[in-house]
Each structure stands twice: as C-alpha cells, then as structure tokens.
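Worth knowing before you read on, the calculation uses all heavy atoms, side chains too, and leaves out hydrogens, waters and symmetry mates. Since we're looking at a predicted model, the values are computed, not measured.
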Amino acid sequence: MRKSMLLFVVLSSMMIGACSFLDGANQSLDYVNQATAHINKLSTFAEQAPQLIKDAATNPETKMKLEEQLLALKTEIEQFNLKSVPAFAKDIHEQLVEKNKVLLDEINQVVVNGHLALDKLQNSQILATITDITGLINRISNLGG
C-alpha cells in the first residue's frame, strides 16, 4: 500500500510539473502570437498609409478612413502596452512598449481633438517609427522557439 501511495505522489508531482511547464509554454506562445499580430497590424497600416495619405488630400472619405485607422491603432497600441508578459519576454516587451509610446505621441500629434490633421501626418515620423518597431519581429519570433 505504501509503494502505491508513494508512486501516486510521485506521479502527481510529475503531472503538476508538466502542467505548469505546459502553462508556461502556452503563455510564451500566446505572447509571441500577440506581439506578432500587433506588429503585423502596424506593418499593414504602414504599407497602406502612403497611398491613403495621398488619396486623403482630395477624398474626404479616405481621410475619414485614415483617421479611423489611426484611432484604432492608438487603441491597439494602448491595449498591447498593458499586456502581462512572461518573464522571458520582459526585455523585448519593454523595448516594444517604449517604441509604441513614441508612436502614440506621434499619433496624438496628428490626430487633434479626434480629427486627423493631414498636413501634420504627411510631415510626421509615424511610418519610420513603425518600420523601427517592425524591426523587432525577428527577435519576437525567436522567443517562440
């Protein structure tokens, strides 16, 4: 009876250890996926923005679409910056948050009182900042495995 009880305790401990290992792996994968999705959203915006900016100068609907995209990006960035992060990703997340804060400041400079100031956007560093942020994608991908 004692041997079976000891075996049960050992197996239970192993299962709990495996579960916490799997939880850690899932958290790691979740963070990598969320950070990658965040950067992909920024990258997609940066790819579309030059044409949208050009079209917005003569098309109020395009300007409104661009304004909505910037406001959505702002919300996305703010939410991403608040994510809880696994310990292994803390350094890269801090770098990402710092770059995101720069991007938020730039968005706040071109969206005044909820409205896009197109001339300010044309002269902003938003696209360069996004390019800087997307440069972190390889480091984030490497976190996943």
Just verifying a value: how many Å separate [X] [atom1] and [Y] [atom2], rounded to the nearest 0.5 Å?
{"X": "L52", "Y": "K54", "atom1": "CG", "atom2": "NZ", "value": "12.0 Å"}
{"X": "H93", "Y": "E98", "atom1": "NE2", "atom2": "CD", "value": "10.5 Å"}
{"X": "N100", "Y": "I130", "atom1": "CG", "atom2": "CD1", "value": "9.5 Å"}
{"X": "D30", "Y": "S84", "atom1": "CG", "atom2": "OG", "value": "9.5 Å"}
{"X": "T134", "Y": "I140", "atom1": "OG1", "atom2": "CD1", "value": "10.0 Å"}
{"X": "N142", "Y": "I92", "atom1": "CG", "atom2": "CD1", "value": "9.5 Å"}

From CA spacing to verdict: side-chain contact (heavy atoms from CB on, under 4.5 Å), L96, I39: CA-CA 9 Å; L96 197 46; I39 290 176; 4.3 Å; yes
Please set out all donor-acceptor pairs under 3.5 angstrom arising from side-chain atoms of residues 103-114, sequence neighbours excluded.
{"residue": "E106", "atom": "OE1", "partner": "T129", "partner atom": "OG1", "Å": "2.7"}
{"residue": "E106", "atom": "OE2", "partner": "T129", "partner atom": "OG1", "Å": "2.9"}
{"residue": "N108", "atom": "OD1", "partner": "K74", "partner atom": "NZ", "Å": "2.7"}
{"residue": "N108", "atom": "ND2", "partner": "L104", "partner atom": "O", "Å": "3.2"}

Looking at K65, I'd like to know if its NZ atom is crowded, meaning that more than 12 non-hydrogen atoms belonging to other residues, nucleotides or ligands lie closer than 6.0 Å.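 Counting neighbours around NZ of K65, 12 or fewer heavy atoms of other residues, nucleotides or ligands fall under 6.0 Å, so no.
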I'd like to check the side chain to side chain contact (heavy atoms under 4.5 Å, CB included) partners of E61; sequence neighbours left out, ordered by chain and number. N59
Considering only distance and modelled atom types, tabulate donor-acceptor pairs under 3.5 Å from the side chains of residues 116-126, sequence neighbours left out.
{"residue": "N123", "atom": "ND2", "partner": "D119", "partner atom": "O", "Å": "3.0"}
{"residue": "S124", "atom": "OG", "partner": "L121", "partner atom": "O", "Å": "2.9"}
{"residue": "S124", "atom": "OG", "partner": "I126", "partner atom": "N", "Å": "3.3"}

Are any of the side-chain heavy atoms of E78 and L82 separated by less than 4.5 Å? no
Between Q51 and D55, does any side-chain donor sit less than 3.5 Å from a side-chain acceptor?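 D55 and Q51 do have a side-chain donor-acceptor pair below 3.5 Å.
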Does anything in residues 99-139 form a ring-ring contact (aromatic ring centres under 6.0 Å, His included)? List the pairs, not counting sequence neighbours.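 Sorted result for residues 99-139: empty, none.
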Tabulate below the donor-acceptor pairs under 3.5 Å that side-chain atoms of residues 40-48 make, not counting sequence neighbours, or state none.
{"residue": "N40", "atom": "ND2", "partner": "T36", "partner atom": "O", "Å": "3.3"}
{"residue": "K41", "atom": "NZ", "partner": "E76", "partner atom": "OE1", "Å": "3.1"}
{"residue": "T44", "atom": "OG1", "partner": "N40", "partner atom": "O", "Å": "2.9"}

Taking every heavy atom of T62 against every heavy atom of A56, the minimum-distance pair comes out as CG2-N, 3.8 Å
Can you list the residues that meet the ring-ring contact (aromatic ring centres under 6.0 Å, His included) rule with H38, with sequence neighbours excluded?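 Partners of H38 by the ring-ring contact (aromatic ring centres under 6.0 Å, His included) criterion, ordered by chain and then number, come out as F80.
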